[in-house]
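Take a look at the structure set out below.
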Amino acid sequence: MKKFLIIANWKLNGNYKFINKNINLIKKKIDNLLNYCNLSIAPPFVYLSYINNFLKNTSISLTAQNVDIHIKGSFTGEISIKMLKDIGVKYVIIGHSERRLYHNENNNSISKKFILIKNNGLIPILCIGETEKQKKQNETEKICIQQIDNILENSNINILNKTIIAYEPIWAIGSGKSANMNEIQKVILYIKKYIASLNPQIAENIYFVYGGSVNYSNLDIFLKKKIINGFLVGKASLTTENFISLVKKAEKIISLLNNRS
Ligand code: PEP
């Protein structure tokens, strides 16, 4: 059984005060409760090591929000995959729409990062998704497949094995307007079918995560159909008590769904 993965993407937020309160509370209130969910925290780079010290002897893992395409050398300001590995990171988010938009990242550089992460034994979380305009033009599936195909063109289907694809419609991120479950199901099943046409087992081994305005009040809708294997949570991960309630609620619903089937 795949455990449901909840990744808290803090983006450019947090400080020592927030971390000390937040991580201690998360450890105290939810670490022992998690049977059906796994939790991972994605803080800004500078806090990764500090948070990792808190997470020793817990089931909670560490996610980085980005990585450079180079391993080492004269690349001022960058962080390499070897460094992330060295400090205990498990997952790396790449292709987030905010990086595509504000840092000119494109499918080509993202595919290089994906391959680098996978080949160094960490797990890439590849964010894909369409803009509002592309959605209106019925291009969602085409855009998502293009974002995946670029990786396949630079490698082969095996590179996708046991990785994470996060479907994050760009218009749903931080907008308070999440996609509806029928839309999510349509896109994820389309992608899964496409990957299954290349290798059915690899399609099964991929984690399909949804991100885009997930919160305590709407999360039930995404869980019922058992299509998605996790959430990427931005804004709702920044208020500790609410985030703890969100994780507890997800754990409870998933345990009920599993015990029913
Ligand atoms: C995100 O940025 O990955 C995200 C899902 O943000 P939010 O939950 O705020 O929409």
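For clarity, every value in this text was computed on a predicted model and none was experimentally measured. Read the numbers this way: they start at 1 and go in the same order the structure lists the ligands and their atoms.
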Who are the salt bridge (Lys or Arg N to Asp or Glu O under 4.0 Å) partners of [X], not counting sequence neighbours?
X: Lys249; answer: Asp220
X: Lys11; answer: Glu98
X: Arg99; answer: Glu105

Query raised in the report: With hydrogens left out, which residues have an atom under 4.0 Å from ligand 1, given that only heavy atoms count?
Result: Asn9, Lys11, His96, Glu168, Ala172, Ile173, Gly174, Gly211, Gly212, Ser213, Leu232, Val233, Gly234, Lys235
Requested in this report: Using the six-membered ring of Tyr207, assess whether NZ or CZ of Lys2 lies under 6.0 Å from its centre and within 45 degrees of the ring axis.
Outcome: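 Verdict for Tyr207: a cation-pi partner in Lys2.
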Query raised in the report: Does a donor on one side chain and an acceptor on the other come within less than 3.5 Å for Tyr47 and Asn15?
Result: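 No pair is found: no donor N or O on one side chain lies under 3.5 Å from an acceptor on the other.
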Query - Test: Glu139 and Lys142 ion pair at under 4.0 Å - result: yes
